[in-house]
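I have placed the structure first, in the form of structure tokens, so that the comments after it can refer back to it.
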2 protein chains.
Amino acid sequence: MTTPTASRRPITVQEQEFAERCARGRVVVIDDDAEILAALAALLDLEGYACETYGSALTYLQVLNYNRPYFSGPSCVLCDVKMPELDGLELQSRLTELDDAPLLLMSGASGAQEAASAFRAGALDFLVKPIDADTLLIAVAKALATSTARQTQRGRQAELALRIATLTDRERDIARRVAQGQTNPAIAEQLGIALRTVKLHRQRALEKVGASGTADLVRIADEGNL
Amino acid sequence: MTTPTASRRPITVQEQEFAERCARGRVVVIDDDAEILAALAALLDLEGYACETYGSALTYLQVLNYNRPYFSGPSCVLCDVKMPELDGLELQSRLTELDDAPLLLMSGASGAQEAASAFRAGALDFLVKPIDADTLLIAVAKALATSTARQTQRGRQAELALRIATLTDRERDIARRVAQGQTNPAIAEQLGIALRTVKLHRQRALEKVGASGTADLVRIADEGNL
DNA sequence: TGCGCAATTGCCCCAAGGGGCAATAATTGG
DNA sequence: CCAATTATTGCCCCTTGGGGCAATTGCGCA
């Protein structure tokens, strides 16, 4: 751990505001039309969101690949469907792998088929240009809410997975059986080991996963795919 | 219980086939165009689904109101959006109350806006006329799968709710606390009652909800909103 | 080859869970 | 007012769960 030699200056007003925007939500806007891009960004900025703009989906994906330690707050992607290299649907699938940001697709005067495809592909909403400001903001708000929900969910999953990973095979096995409702003596018999041993592993497992009791363990086992 | 005096005849071939179709899935088709209605019904029949047709959404809703003990197998509704009295979106909301059948909306050459609205309103898919047979069948299959999933979920919920309903207030209260991981002595102290009493209620609660042990109770409590 | 970790086990002790038996209140629908 | 239901409690007994202490094995890794 090398501490940066310089810079322990006070936090600037700009940084303060930026932080607040990030907490409110980040919106990634992708459109090959610079004007639209600017207009959308302006609107979103005005609403207090942190806004990033890209001229093509590819550009964004590249940035995503480098910048892996992704954004910690809620975020969503607002993207035009008819892109040259990579269309919205393609982006959706790639996005699912890299980030779990909800996708809002938009398009100028397109048919119902396109919209339906977008939804089938997992887009959260489909906005038709010219986009009404209110409609956009509602959609964005919903997308960010979805993002928050996903992150919460994933966060819990990940946390539990981490804890469970610290268990030894034996401990995991016994924890599973306990969560299934088996008693210590029963487990001991099934595994052909001493009761005392089962107790030991059970105890260790409980403290390793941070369960305060058996009830807790059951929930952790269920939620954490033990 | 009055047993029907007559009819204990063998099951006919027609009934046999009908039963099979029902098990495969029921599709309710609603469209004001009789030709389309017939065509869709023919296709669905051919695929082995049990198919009902209605000329308007209102008609179907009326039938639904009378025929409350609804269909037991998977089912979905395939409905045209531009109806005179009741449009697809309206139907969606009413449908949610009465039945939990997934809704597939269809429309002739409409815009992306309509499709987007349909999805926002909770439609499972949006099909554009003329409808491709494969597309239709895929959508129907997906809808029926969704229906099955919902029914399974609701079924379990309902079953647990029934069991929980048999608990007395005291038993429910204590069951809740047990599910939270509190020990009998702790509960006894908090409620200001004797340990023996807590044990008794706990025991009763366990057998009433059909839990084989504490682990089971925790799951039942979580899934059944105890 | 010695150390650290994981798995095991025996002994002992105490707290908590599960239940049988019997009895007392309190509430409530007939 | 009687009977059924629900709530309570005391006593006693046995099984489980939770842990301290100490000792023994194997097994990779430095």
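A note on names: the letters A, B, ... follow the listed sequences, proteins ahead of strands, and every chain is numbered from 1.
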Check the distance between [N]'s [atom2] and [X]'s [atom1] and give it to me in whole angstrom.
{"X": "B:Arg202", "N": "C:dG19", "atom1": "CZ", "atom2": "P", "value": "10 Å"}
{"X": "B:Leu206", "N": "C:dG17", "atom1": "CG", "atom2": "P", "value": "12 Å"}
{"X": "B:Gln182", "N": "C:dA16", "atom1": "CD", "atom2": "C1'", "value": "14 Å"}
{"X": "A:Asn184", "N": "C:dG17", "atom1": "CG", "atom2": "P", "value": "14 Å"}

Taking everything shown except B:Arg204 itself, do over 12 heavy atoms lie less than 6.0 Å from its CZ?
no
A quick test of your reading: do over 12 heavy atoms of other residues, nucleotides or ligands sit less than 6.0 Å from CD of B:Glu189?
no
Please give me the minimum heavy-atom distance between [X] and [Y], naming the atom from each residue.
{"X": "A:Gly25", "Y": "A:Leu144", "answer": "CA-CD1, 4.1 Å"}
{"X": "A:Leu160", "Y": "A:Gly224", "answer": "CD1-N, 3.8 Å"}
{"X": "A:Ala175", "Y": "A:Leu217", "answer": "O-CD2, 3.9 Å"}
{"X": "B:Arg26", "Y": "B:Tyr60", "answer": "NH2-OH, 4.0 Å"}
{"X": "A:Val209", "Y": "A:Arg163", "answer": "O-NH1, 2.7 Å"}

Non-neighbouring partners of B:Thr197 that pass side-chain contact (heavy atoms from CB on, under 4.5 Å), sequence neighbours left out:
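By the side-chain contact (heavy atoms from CB on, under 4.5 Å) rule, B:Thr197 matches B:Ile193, B:Ala194, B:His201.
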Non-neighbouring partners of A:Thr96 that pass side-chain contact (heavy atoms from CB on, under 4.5 Å), sequence neighbours left out
A:Gln92
Side-chain ion pair, B:Asp222 and B:Arg219, N-O less than 4.0 Å:
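Looking at B:Arg219 together with B:Asp222, the answer is no, because their closest N to O distance does not fall below 4.0 Å.
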Could you tell me whether B:Asp125 and B:Lys142 have a side-chain N and a carboxylate O separated by less than 4.0 Å?
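B:Lys142 and B:Asp125: not salt-bridged.
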B:Gln62-B:Thr59 side chain donor-acceptor pair, cut-off 3.5 Å:
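Per modelled atom types, B:Gln62 and B:Thr59 side chains form no pair under 3.5 Å.
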Outermost nucleotides of DNA chain D that come under 4.0 Å of a non-hydrogen atom of chain B:
D:dT6 to D:dC11
For nucleotides 22-30 of chain C, read 5' to 3', which letter fits each nucleotide if B means a protein heavy atom sits under 4.0 Å from the base, S means only the sugar-phosphate is that close, and - means neither?
---------
Do A:Gln157 and A:Asn225 come within less than 4.5 Å of each other through their side chains, counting heavy atoms only?
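A:Gln157 reaches A:Asn225 side chain to side chain.
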Give me the residues of residues 216-225 of chain B where at least one heavy atom lies under 4.0 Å from an atom of DNA chain C, by number, or none.
none
So what is the end-to-end bend of the helix from C:dT1-D:dA30 to C:dG30-D:dC1, with 5 pairs used at each end and the value given to 10 degrees?
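End axes: 50° apart.
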NA contact type, B:Thr197, heavy-atom cut-off 4.0 Å: base, sugar-phosphate, or nothing?
base
